[in-house]
Every structure is written in structure tokens, then in C-alpha cells.
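First the structure, in the form of C-alpha cells, and then the observations on it.
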Amino acid sequence: MGSLLAVSLGPVQDFIATARRTRDLFAGSRLLSEAAQAAAEALAQAVGPEKLIFPAPDSVDELGALGEAGIANVLLAFIPEGQDPSGLGQRAVEAARAYLVKKAQELFTAEKHAPYVEQGAALAQVQDLLEGYYAYVPLDSEADYPQARGRLMALLAARKNTRNFAPVSWGKEAFKSSLDGARESVLLLPDDPKEADLARLKLDLRRGEYLSGPDLLKRWWPTAHGFVSTTHMAVLPFWEGVKAKGGEAWVGEALEHLAALVGKEARAATYHPALKDTPFAHYDVRLLYESRLEEFPALEGPGRLEAAKEVLRRLWGKLRQEGIQAPPGGYYALLHADGDRMGEALDRLGHPQAHRAFSRALALGFAREVKGIVEAHGGGLAYSGGDDVLALLPLHTALRAAWALAQRFQKVMGEALEGVRLEQPPTLSVGLAVVHHLEPLQDALDLARRAEKLAKEGREGEEKRNALAVAYSPRAGSELMVRGRWDEEPRLTQRLLRLADLLRLGEVPARVAYELRELAQEGEALRLPQEALMAEARRILWRKEMKRGHKEELAQWLSGKEGVGRLADELLLARPFAEALEQAAAPTENREVWDAH
């Protein structure tokens, strides 16, 4: 009858995570998705689009729409009898590599870039970037599809574990990449350090950066509207508050004054949807952060940096007089989500046409809609492929966005698997990392992935999957991480929102969280009985100056094995959300807001 072919492209997570800027992050995910689209197009042209299972286009042209949604790095296709699956697998891998090399040639030979790039080494590094593996098994009939697919994926995993290691053709004595330290820099820069840094500024690089070919491919990857930065995400709650209180003109005036001092570097052209109706599409957002003014070379002259800081101080004074929280906050959220029990659902479907339908529903019903959901909450989508999501969000909307994504995924899976008997349907586990906008992006990614892993696996004794884990990495203090299942009542998003409300209203003294945390630690060390631990926790609450209703409300949340420690951590973790919501002038104790979380 034919063969079943699987093609895997990578590396994925390591390559995407090698990023210093959010633009690198976005570009890394996009170029891998577009390379996968090129591989899928090669297969579709050879065997027909209806033979592709993952992705599952109705036509070759529709691969473009699926590519916009994000194509995963593993392709699956039926190869009719008489066609060579090995040759087609190789063709798909070569098409993906050729796509990246073609893009690299266009970027590296552009008039602006060409004099500063060692072309041969840069293109050789890009050519060597993509790992491509394929495997195939015979498929005698559609009834054999489930078993054939199981054998195929095991064979593909074995092939990846026996990867080839070809000799490096582009090695030389040069500085290693500033991003991953794996490849040599291919930049041709002046010997004088100051002149070299001026050249870097022209190339959209940072001072002192040395980048390899793949790094430059990510940094210069074309985008229609640019991509938001971590600082953009941190400033958005502030801007919401400014708009709510009518302070836009004062901010605009301050930015004009700062731009006059800084010069052309103060200007930006980032027309991302998250920045619509904000001045940050046109002005560099760093201008509103006093600690980042030193990054502008034009302010190095005598008195210029102090003059710029004085502009900001006058602005904060005006805004505070009008009840606007200033200066902007420093934290944002990085969201990483992944589907649960997807393998079980695929195994239950069994039939290749059912897999095609499932593939289309996942791509067009969920992955394609993720971008709109993220941007509706003021965020920027870095990656959406199948059931995998990576996004940046402002803190005042991050919890609501996480719940919206989980709801959408549940709806799409319910419709796609209607009538299929499953012990538990697929769900979405979400990790949300709350980090400072100046923290290294790779550290933020690591925290978001650890949060997502906790959401999936839970702690000892907890039910796995279908959960949200929120991690908080303060600049001063220890890391916190809390977890709650989506089917809890109330959900973790609602608990954090309620605690944030109480903090904003001044109804919970700051010491409560620390005293409860100390109690939880002592209780664990001394192995106190749960009854004694709960009694002492209630005593702590009852002796605080709080309304009786609020004391009773918090006491209800103390039940459970981790109740005391969890409530303490949630109170601490609610604080950055409370600060962002206060800065955004969001309403408190609002039922509509509660339901949305």
C-alpha cells in the first residue's frame, strides 16, 4: 500500500532559548517554523497535500495559513506505493536547510550588512545549523496505521539518538558567540573598540557583542512590525494607568524632551499590536527607565545624563500629583504552555484521516487563534506550534491570558475529540514566570519552563497536569513557585487576584505572609500535626488588624496538606500582580474581573 514517513527538524528548544533579545526569541521560533513549512511543501508537492497528516493542509497554498499558526518540527506523511520514502525524507530535510540558507544569503549580502560579515563562514554555519532526521515504515493497510505509527516514532527516536557528527568546516581562531559560546563570531569589525561599537549600533547589535551566522540570522530576521521587548511588557501597566487618569500629554512631552537630548537613537519603529495607541511604537521605551538612560551614547557628554534624569523626575512629580502610579514597574510575565495527554488522544483516534482532522483542528482552531488571544491581553507571541505556546505578557493581564488560553484549548479539544472515549481529555498546562525586565532572557526562559514542568508533574501527592504554576523571581529575595489545577474552586488565577485586591485595599498586613511562611517551615522541620499547624495559622490571622470577614476568608484557604505554606507563598506572589494592577488603575473587587481570571 505504501509507507509512513516521519521527518524531525531541530534543534528546537536549545536554539530558540539562545537569545539575548526577545526579537532573537521570536525569530528563532519563526525561522524553525518556516523551515518546517518548506519541508512540508516539498512533501506536499511530491505526494499531494492530502497525504500529509501533520501538518494537514487541504492544498499546497493552505500551508501558508498553517505556517502562520506555526508548524511543529515533526512532520508525518503517507507515501504512496511506488515512491521512495527515503528520497522524500532527504528531500524534505534539504528543502528546510535550503530555505534557511537562502534567507541567510539575502540578509548577509544586503548593502547594510555585507561589509561586516565573513560570508563563507557565516553561510557554512547556517548550513550546518539544522539537524534533520527521518524514518519510515511500510504501511500495508489503514487498519495497521496505529501500530505502524508507534513503530515509526520509536524508530525516529532511535535515529535521532545515533545522530551524525560531521567535521566542522568553518572553525577558526575568533571570539565565540556572545549568545551560546558554541560557534565562532563571523563579524568583521574595526580594530578600534569605539569604532567597532559604532559599527555594531549600525547593525542593530549591542556593545561588545560577537555573533555567529545563526545568531545574525535571528537578529536580522525580517518582521512586519518588529517585536516587543521585556521592557515594553514592564511599562504597559504604567501606560494603562496614565491613560485612565489622562496623563498622556505629560508623558509625550517628556519623551520629546528626552529625544532632543538623545538624538536619533531615541526613535523607534516597533508597530507591534501590543503597542498600538502607545508612544512606544515611535520612542525607545528605555527612555522612561532612569537606570537605562546610560545605555544611550549621546548622554555621555557633561551634564547630559543628569539633565535627562531631571526630565523624568519632573514627569513623575506631575503624574503623582494626579494620582498616577510612577515611575513604571519593572516586572513582566513569560508564559510557556503545553498540551497534556496528547499522545493518548492520538492513539485513541487511530485512523489517519482522524489524525488529519485532529491536526487541522489543533492548528486552525487553537494555534492560529493564540496570537489573537495573546495580543488581546497586550502581549507578544513568540511561538505557537500545535499545542506549544511561548509568549510575553504585561503583569496586569497575564493571569487572565493564561486562563483564556486554557479555555480555548479545552474548547477546541472537546470539539475535535467529540465521541472519542478517553479516560481524561487533553488539557493545557501553563507555566507563568514573573521576572524583572533586566534579567537575562535565558534565565527567564528557564524559570518559565520549570514552572510549566511543575504544572504538568505537580508535587508529591498532587494530581498531575491540567494546572497553572506561577513562578516569581524577585531581584531581591528567594524564588517562589505556586501551583493550582484549573478545575480548583476558586482557581489559582482567582486566588491571586483576590489576594492582590486585598493587598491593594490595605486589608492584609505585610507581615502576615512572612509569619505564615515561617510557621510552615517550622512545622515541616518539627513535623507538627496538621491540626496544630492550622490552629497556629488561625491564631496568627486572628491577632492581626483585619476585618473579621477577611480573616475568615483567608482561614478557609488554609485547608490541605500545603495550605499554610501555599497561602503564604500566594500572598507573597500576589504582590507584583497587585502593584501592576494598581499601576494600571484596574478596578478592585469587581465580579467581571474575577470571572475573567
Side-chain angles (χ1 to χ4, degrees), residues 21-27 29-30 68-70 204 221-256 258-259 264-289 292 315 319 324-335 367-384 389-405 408 437 580-587 592-593 596:
R21 296 184 181 181
T22 54
R23 180 169 179 164
D24 300 340
L25 190 67
F26 171 76
S29 62
R30 282 307 309 165
E68 283 297 314
D204 195 28
W221 189 262
T223 61
H225 45 56
F227 195 69
V228 289
S229 68
T230 58
T231 308
H232 282 127
M233 293 293 99
V235 84
L236 286 180
F238 164 77
W239 181 248
E240 285 299 310
V242 168
K243 288 195 301 180
K245 300 289 182 67
E248 300 100 316
W250 290 327
V251 175
E253 182 183 344
L255 287 171
E256 287 180 11
L258 289 166
K264 62 181 181 179
E265 280 190 70
R267 300 294 174 175
T270 309
Y271 303 109
H272 191 278
L275 303 182
K276 184 180 179 182
D277 300 326
T278 79
F280 313 118
H282 309 285
Y283 289 100
D284 192 319
V285 69
R286 293 178 296 167
L287 293 171
L288 288 185
Y289 286 85
R292 303 203 69 179
L315 173 62
L319 295 178
I324 300 171
Q325 296 284 322
Y331 287 85
Y332 74 101
L334 186 62
L335 179 147
R368 188 171 63 174
E369 300 301 314
V370 166
K371 184 172 184 288
I373 293 172
V374 170
E375 290 176 357
H377 291 85
L381 178 66
Y383 177 71
S384 174
V389 178
L390 184 64
L392 291 88
L393 291 154
L395 273 192
H396 68 297
T397 61
L399 295 171
R400 190 182 306 182
W403 174 231
L405 288 170
R408 180 64 189 176
H437 71 117
L581 289 163
E582 185 70 14
Q583 191 151 61
E592 184 180 349
V593 175

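Just so it is clear, the values below take in all heavy atoms, side chains as well, and ignore hydrogens, waters and symmetry mates. Computed from a predicted structure; not experimentally measured.
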Task: Flag side-chain contact, heavy atom, 4.5 Å: H232 against H437 - done: no
Open item on the list: Apply side-chain contact (heavy atoms from CB on, under 4.5 Å) to residues T278 and V235 and explain how you reach the verdict.
Closed with: CA-CA 10 Å; T278 79; V235 84; over 6 Å; no
- [ ] With the side chain counted from C-beta on, respond yes when W239 and V251 share a heavy-atom pair under 4.5 Å apart, and no when they do not.
- [x] yes
Open item on the list: Quick check on the 6.0 Å ring-centre criterion: do Y271 and H282 meet it?
Closed with: yes
- [ ] List the steps and the verdict of side-chain contact (heavy atoms from CB on, under 4.5 Å) for V285 and S229.
- [x] CA-CA 9 Å; V285 69; S229 68; 4.1 Å; yes
Open item on the list: Measuring only between side-chain heavy atoms, which start at C-beta, is R21 closer than 4.5 Å to D204?
Closed with: yes
Open item on the list: Donor-acceptor check, side chain of R23 to backbone of W221, threshold 3.5 angstrom: yes or no?
Closed with: yes
Task: Nearest-0.5 Å distance that lies between atom CZ in R292 and atom OG1 in T231 - done: 4.0 Å
Open item on the list: Minimum heavy-atom separation for G378 and A274, please, with both atom names.
Closed with: O-CB, 3.5 Å
Open item on the list: For F280 versus L288, what's the shortest heavy-atom pair and its separation?
Closed with: CE2-CD1, 3.5 Å
- [ ] Under the side-chain contact (heavy atoms from CB on, under 4.5 Å) rule, what do L335 and V374 come out as? Steps first, then yes or no, please.
- [x] CA-CA 10 Å; L335 179 147; V374 170; over 6 Å; no
- [ ] First locate atom CG of L334, then atom CG of L390, and finally report the distance between them rounded to the nearest 0.5 Å.
- [x] 5.5 Å
Open item on the list: Are P587 and V593 packed together at the side-chain level, in the sense that at least one heavy-atom pair is separated by less than 4.5 angstrom?
Closed with: yes
Open item on the list: What's the separation between atom OG1 in T397 and atom CE in M233, rounded to the nearest 0.5 Å?
Closed with: 8.0 Å
Task: T270 to L275 - nearest heavy-atom pair and separation - done: O-CD1, 3.6 Å
TODO: Output, in order, the C-alpha distance, side-chain angles, deciding distance and verdict of side-chain contact (heavy atoms from CB on, under 4.5 Å) for D284 and E265.
DONE: CA-CA 8 Å; D284 192 319; E265 280 190 70; over 6 Å; no
Task: Within-4.5 Å side-chain heavy-atom neighbours: L315 and E253 - done: no
Task: L236 vs L393 side-chain heavy atoms within contact, under 4.5 Å - done: no
Task: Minimal non-hydrogen separation, G247 against L319, with atom names - done: O-CD2, 4.3 Å
Open item on the list: Has S384 got a side-chain atom pairing as donor or acceptor with G70's backbone, closer than 3.5 angstrom?
Closed with: no
TODO: Using a 4.5 Å cut-off on heavy atoms from C-beta on, say whether the side chain of F238 contacts that of Q325.
DONE: no
Task: side chain to side chain contact (heavy atoms under 4.5 Å, CB included) partners of R267, counting only residues at least two apart - done: A259, Y283
- [ ] Answer yes or no: is there a donor N or O on one side and an acceptor on the other, between the side chain of H377 and the main chain of G379, under 3.5 Å?
- [x] no
Task: Minimum-distance pair of heavy atoms, taken over all atoms of Y332 and L392 - done: CE1-CD2, 4.0 Å
Open item on the list: Looking at every non-hydrogen atom in both residues, tell me the closest pair between S29 and Y383 and how far apart they are.
Closed with: CB-CD1, 3.4 Å
TODO: Would you indicate whether the side-chain heavy atoms of Q583 and H396 approach each other to under 4.5 Å?
DONE: no
